[in-house]
Amino acid sequence: MAINDKTTTELEAAAFRRLLEHLRARTDVQNIDLMNLAGFCRNCLSNWLKEEADARGLAMTKDESREAVYGMPYETWKEKYQAPASPQQLEAMKKAHTGH
């Protein structure tokens with residue numbers, strides 16, 4: 001099956017939107033768990049979004065990119081859903097992501 005660049009971009013954008021919807025629905029999954037298992041988290045996604053906007057000369061603040069990923073202001077999400085990291089989670093983070 002041959003897919004042109006425009007369709008590929010549309011498919012990738014749709015998949016990204018579904019990923020965001022999934023992460024917004026799974027508020028029980030903490031960012032530190034994502035980092036420890038997958039090497040990225042919601043904050044990484046928001047940073048990548050901002051970096052791409054910056055690379056294209058588009059104005060996007062860190063707060064705007066985080067809200068685009070979290071579906072609400074980041075501080076609101078943290079207050080509602082972020083749990084304190086356990087000693088085990090922090091230890092796993094140290095081992096797995098020394099430079100992150």
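Starting from 1, each residue takes its place in the sequence as its number. Only this structure's heavy atoms are used, side chains among them; waters, hydrogens and symmetry mates stay out.
- Using a 4.0 Å cut-off between charged side-chain N and carboxylate O, Glu21 and Arg17 make no salt bridge.
- Leu23 contributes atom CG, which lies 4.5 Å from atom CG of Leu19 (distance to the nearest 0.5 angstrom).
- Residues Lys78 and Glu75 are paired through a salt bridge, judged by an N-O separation under 4.0 Å between the basic side chain and the carboxylate.
- Note that OG of Ser65 and CG of Asn47 are 6.5 Å apart. Values are rounded to the nearest 0.5 Å.
- Proximity of a side-chain donor or acceptor of Gln30 to a complementary backbone N or O of Ala85 within less than 3.5 Å is not detected.
- Remark: side-chain polar atoms of Thr9 are paired, donor with acceptor, to backbone N or O of Asp5 under 3.5 angstrom.
- Nearest approach of Glu52 to Arg56, heavy atoms of both residues: OE1-NH1, 2.5 Å.
- Nearest heavy-atom pair across Pro84 and Gln89 is O-OE1, 4.1 Å.
- In this structure, CG in Leu34 is found 9.5 Å from CZ in Arg26, a value given to the nearest 0.5 Å.
- Clustering ILVMFWY residues whenever any of their side-chain heavy atoms sit less than 4.5 angstrom apart, transitively, puts Leu90 in a cluster other than the one holding Leu37.
- Annotation: side chain to side chain donor-acceptor pair (under 3.5 Å) contacts of Gln88 (sequence neighbours excluded): Ser86.
- The side chain to side chain contact (heavy atoms under 4.5 Å, CB included) check on Leu11 picks up Ile3, Thr7, with sequence neighbours excluded.
- Checking Glu79, Glu67, Gln82, Lys62 one by one against Tyr74, the side chain to side chain contact (heavy atoms under 4.5 Å, CB included) holds for a single residue, Gln82.
- With rounding to the nearest 0.5 angstrom, the CG atom of Asn43 is 14.0 Å from the NZ atom of Lys50.
- Contact record, Val69 with Leu45: CG2-C, 4.0 Å, taken as the closest heavy-atom pair.
- Legend: residues meeting side chain to side chain donor-acceptor pair (under 3.5 Å) with Asn31, ordered by chain and number and at least two apart, are Arg42, Tyr70.
- A distance of 12.5 Å separates CG in Leu49 from SG in Cys44, rounded to the nearest 0.5 Å.
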